[in-house]
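Residue numbers count from 1 along this sequence. The figures that follow rest on heavy atoms only: side chains count, while hydrogens, waters and symmetry mates do not.
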Amino acid sequence: QVQVLVESGGGSVQSGGSLILSCISHEPGYTSYCMGWFRQAPGKESEGVASLDRYGTTTYADSVKGRFMIDRDGAANTLYLHMNSLKPEDTASYYCAVELSRVCGRWAERREPHKYLELWGQGTLVTVSS
């Protein structure tokens, strides 16, 4: 089965470090909709991280504001999450997701955001050590 959304860029870093996550969409049309990231730590419920709509409007969870930045390369059908000043509490699997709407709902600020999303990838693991 072909995965439509494929994440990469996860890894292990020390506290204060940086990573860039990438998400390639094999369905080019998805980059015209709301796309974003959510995460799930072991034993915890999922939580929104960031979203970006087709007009460039971004939304971030309070826990990542000022540290993470979401952007998109439409020509490459790729979504990015630039993560700086990483903390151990950022340790989680990160999932790229699509909401089939031109404007994003507020799922990036909510728990269990997948309830509002139509599609997500298999995730990429980020581990931050203290």
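- With Tyr33 contributing its side chain and Cys104 its backbone, the two residues share no donor-acceptor pair below 3.5 Å.
- Shown here are the side chain to side chain contact (heavy atoms under 4.5 Å, CB included) partners of Ser85, two or more places apart in sequence or in another chain: Arg67.
- Within the 4.5 Å cutoff, the side chain of Phe38 has no heavy atoms near those of the Ser51 side chain.
- Looking at heavy atoms from C-beta onward, Trp107 lies out of side-chain contact with Lys115 at the 4.5 angstrom threshold.
- In this structure Leu19 satisfies the side chain to side chain contact (heavy atoms under 4.5 Å, CB included) test together with Val13, Met83, Leu86, Val126, sequence neighbours excluded.
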query = Under the side-chain contact (heavy atoms from CB on, under 4.5 Å) criterion, do Thr91 and Glu89 qualify, and how do the steps go?
reply = CA-CA 5 Å; Thr91 295; Glu89 51 264 44; over 6 Å; no

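- Arg102 places none of its side-chain heavy atoms less than 4.5 Å from the side chain of Asp53.
- For the atom pair CG of Asn77 and OG of Ser25, the computed distance is 6.0 Å after rounding to the nearest 0.5 Å.
- Remark: the backbone N or O of Cys96 is paired with a side-chain donor or acceptor of Glu7 at under 3.5 angstrom.
- Taken to the nearest 0.5 Å, the CZ atom of Phe68 stands 8.0 Å off from the CG atom of Leu21.
- Looking only at side-chain heavy atoms (C-beta outward), Tyr30 and Val4 come within less than 4.5 Å of each other.
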ask   = Under the side-chain contact (heavy atoms from CB on, under 4.5 Å) criterion, do Ile70 and Leu79 qualify, and how do the steps go?
value = CA-CA 7 Å; Ile70 186 171; Leu79 183 74; 3.9 Å; yes

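- Using a 4.5 Å cut-off between side-chain heavy atoms of Ile, Leu, Val, Met, Phe, Trp and Tyr, with links allowed through other members, Leu81 and Trp120 fall into different hydrophobic clusters.
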query = Do Glu109 and Thr59 pass the side-chain contact (heavy atoms from CB on, under 4.5 Å) test, and can you show the C-alpha distance, the side-chain angles, and the key distance before you say yes or no?
reply = CA-CA 7 Å; Glu109 302 171 304; Thr59 303; 3.6 Å; yes

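- In this structure, the side chain to side chain contact (heavy atoms under 4.5 Å, CB included) partners of Ser22, at least two apart in sequence or on a different chain, are Ser8, Thr78, Tyr80.
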Table please: side-chain donor-acceptor pairs of residues 40-49 below 3.5 Å, with sequence neighbours left out.
residue, atom, partner, partner atom, Å
Gln40, NE2, Lys44, O, 2.9
Ser46, OG, His114, ND1, 3.1
Glu47, OE1, Arg111, NH1, 3.0
Glu47, OE2, Arg39, NE, 2.6
Glu47, OE2, Arg39, NH2, 2.9

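- More than 12 heavy-atom neighbours from other residues, nucleotides or ligands sit within 6.0 angstrom of CD on Glu118.
- To the nearest 0.5 Å, the span separating CG on Leu52 from CD on Glu99 amounts to 12.0 Å.
- Atom CG of residue Asn84 and atom OG of residue Ser18 lie 4.0 Å apart, to the nearest 0.5 angstrom.
- Of the possible donor and acceptor atoms, one in the side chain of Glu27 sits under 3.5 Å from a partner among the backbone N and O of Gly29.
- Salt bridge status for Asp90 with Lys87: absent, with no side-chain N to carboxylate O gap under 4.0 Å.
- In this structure, the separation between OG on Ser101 and CG on Leu117 is 11.0 Å, given to the nearest 0.5 Å.
- Contacts of Tyr94 classified as ring pair (Phe, Tyr, Trp, His ring centres under 6.0 Å), with partners at least two apart in sequence or in another chain: none.
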inquiry  = Please determine whether side-chain contact (heavy atoms from CB on, under 4.5 Å) holds for the pair Leu5 and Tyr95, giving the CA-CA distance in whole Å, both sets of side-chain angles, and the decisive distance to 0.1 Å.
reply    = CA-CA 9 Å; Leu5 301 175; Tyr95 299 86; over 6 Å; no

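- No more than 12 heavy atoms of other residues, nucleotides or ligands sit less than 6.0 Å from atom CZ of Arg106.
- In this view, Ser12 satisfies the side-chain hydrogen bond (donor to acceptor under 3.5 Å, both in side chains) rule with no residue, not counting sequence neighbours.
- With Arg54 contributing its side chain and Val103 its backbone, the two residues share no donor-acceptor pair below 3.5 Å.
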